[in-house]
Q: 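Sharing a structure with you now.
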Amino acid sequence: MAATPLVIDTDPGIDDALAILLALASPEVDLRLVTTTHGNVDLAQTTENALRVLHLAGRSDVPVAAGAAESLVYAQPERAGHVHGRTGLGGVDLPPSPAAVDPRPAVVALAELLLASETPVTVAAIGPWTNVALLLATYPEAAARIGRLVLMGGSAGRGGNVTAAAEFNVWADPEAAARVLGATVPTVLVGLDVTLPTVLDEGGIARFAAAGPVGATAAAILQQYLDHARSSYGTTGVVVHDALALTEAIAPGTLGTVRRDVVVDTTRGAGRGQTLVDRRTVSDSPTAVDVAETVDSPAAVEFLVSRLSDLAARRG
Ligand code: RIB
Ligand code: CA
């Protein structure tokens with residue numbers, strides 16, 4: 001079966017890095033383009049990090065196009081260096097890539113790819129959804145060519161991780177999130193309800209760390225996440241939110257989903273960035289999204305660990 005064309009829109013970001021490596025380890029998808037956004041750290045840093053992660057895996061051939069440096073309406077209140085490290089990759093200084101950033105703005109590169117593709121393209125958005133919102137507004141004819149939009153973000157019933165109400169990617173740009181969730185693109189929402197229970201423990205990390213230098217580097221990048229989890233939550237594992245979203249992009253149906261109406265709180269009060277998921281009914285609205293509500297977490301973790309181990313072993 002031919003590999004599905006894939007674009008990842010990302011703000012690397014420790015779990016973004018794992019998600020990119022997972023995509024490169026998966027024959028079901030063909031990573032055609034990486035677009036970067038502000039989010040965990042500033043755009044210049046997320047873009048440099050994307051280039052370096054691709055180079056780490058020997059795939060500096062994949063183009064990287066830089067997108068939004070800031071949220072649509074109100075500036076993101078703060079970055080997440082305290083979680084991802086000052087440079088966004090847990091303090092690990094990866095070798096620079098020989099590749100240059102694609103000169104096209106992310107939205108242009110994405111629109112051109114979508115319009116030129118013979119087959120439906122999966123787009124995985126694992127940072128703030130600013131670039132996706134800009135694509136919808138600037139090139140609606142291209143957005144209509146998205147085969148599947150897999151969004152990491154939001155929460156149906158698990159509250160938030162940045163505030164009591166809001167998950168980071170939605171909190172960073174609620175207006176963009178409202179625009180994206182109000183579109184009619186086939187969309188899967190992978191939120192905290194399924195990511196938080198899916199914990200990568202130290203045993204899993206040790207497995208891919210032992211598989212080769214790429215695995216050892218991925219483990220080193222994760223160390224900051226581990227330290228943050230231990231000091232903040234007293235846990236000995238990490239939630240690699242973005243890697244679970246990519247698992248769903250790579251293996252559709254991994255997550256149990258229900259079509260729901262979802263709205264975003266774009267007010268500037270305590271609930272700003274909250275995703276209000278209507279779980280009273282299964283929706284038949286054209287703007288409903290497939291909200292991930294169930295997950296086999298051990299199976300998802302095994303998928304990630306085995307794929308990363310294979311990649312590390314292949315790269316030697
Ligand atoms: O809430 C989790 C999301 O916020 C992930 O995309 C992680 O990279 C952070 O950006
Ligand atoms: Ca991210």
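Indexing begins at 1, ligand by ligand and atom by atom, following the structure's order. Note: hydrogens, waters and symmetry copies are ignored here, and every other heavy atom, side chains too, is used.
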Q: Side chains of Asp173 and Thr130: is there a donor and an acceptor less than 3.5 Å apart?
A: yes

Q: Quick one: which ligand 1 atoms are inside 4.0 Å of a heavy atom on Phe168?
A: 1 (O), 4 (O), 9 (C), 10 (O)

Q: Compute whether any side-chain donor of one residue and acceptor of the other, for Ser26 and Arg307, lie under 3.5 angstrom apart.
A: yes

Q: If you consider just the N/O/S atoms, which atom of Asp242 is the closest one to the Ca ion (ligand 2)?
A: OD2

Q: Identify the residue among Val258, Val188, Val262, Asp261 that makes a side chain to side chain contact (heavy atoms under 4.5 Å, CB included) with Val291.
A: Val262

Q: Does any N or O of ligand 1 fall below 3.5 Å from an N or O anywhere on Asn161, backbone included?
A: yes

Q: Could you work out, for atom 9 (C) of ligand 1, the closest of Asn40, Leu18, Asp11 by heavy-atom distance?
A: Asn40

Q: At what distance, to the nearest 0.5 angstrom, does CG of Asp201 lie from CZ of Arg207?
A: 9.5 Å

Q: Starting from atom 1 (O) of ligand 1, which protein heavy atom do you reach first, and at what distance in Å?
A: Glu167 OE2, 2.6 Å

Q: Which is it for Asp16 and ligand 1 at heavy atoms under 4.0 Å: side chain, backbone, both or neither?
A: side chain

Q: Applying a 4.0 Å heavy-atom criterion (strictly less than), which segment of Thr195 is in contact with ligand 1: side chain, backbone, both, or neither?
A: neither

Q: Which atom name does Asp11 have for its N/O/S atom nearest to the Ca ion (ligand 2)?
A: OD1

Q: Please assess Asn161 against Leu192 for the test side-chain contact (heavy atoms from CB on, under 4.5 Å), listing each intermediate value before the final yes or no.
A: CA-CA 8 Å; Asn161 59 357; Leu192 299 181; 3.8 Å; yes

Q: Do Phe168 and Leu200 share a hydrophobic cluster (ILVMFWY, side-chain heavy atoms under 4.5 Å, transitive)?
A: no

Q: Before signing off on this row, confirm whether Met152 and ligand 1 have an N or O atom pair separated by under 3.5 Å.
A: no

Q: For ligand 1, find out whether one of its N or O atoms is nearer than 3.5 Å to an N or O atom of Asp15.
A: yes

Q: Apply the side chain to side chain contact (heavy atoms under 4.5 Å, CB included) test between Glu248 and each candidate in Val295, Leu151, Leu255; give the one that qualifies.
A: Leu255

Q: May I ask you to decide if the ring planes of His84 and Tyr225 are parallel, tilted or perpendicular, using 30° and 60° as cut-offs?
A: tilted

Q: One residue to check: Asp242. Relative to ligand 1, which of side chain, backbone, both or neither has a non-hydrogen atom less than 4.0 Å away?
A: side chain

Q: Against heavy atoms of Ile126, which atoms of ligand 1 measure under 4.0 Å?
A: 6 (O)

Q: Give a yes/no answer: is there an N/O/S atom of Ile126 under 3.0 Å from the Ca ion (ligand 2)?
A: yes

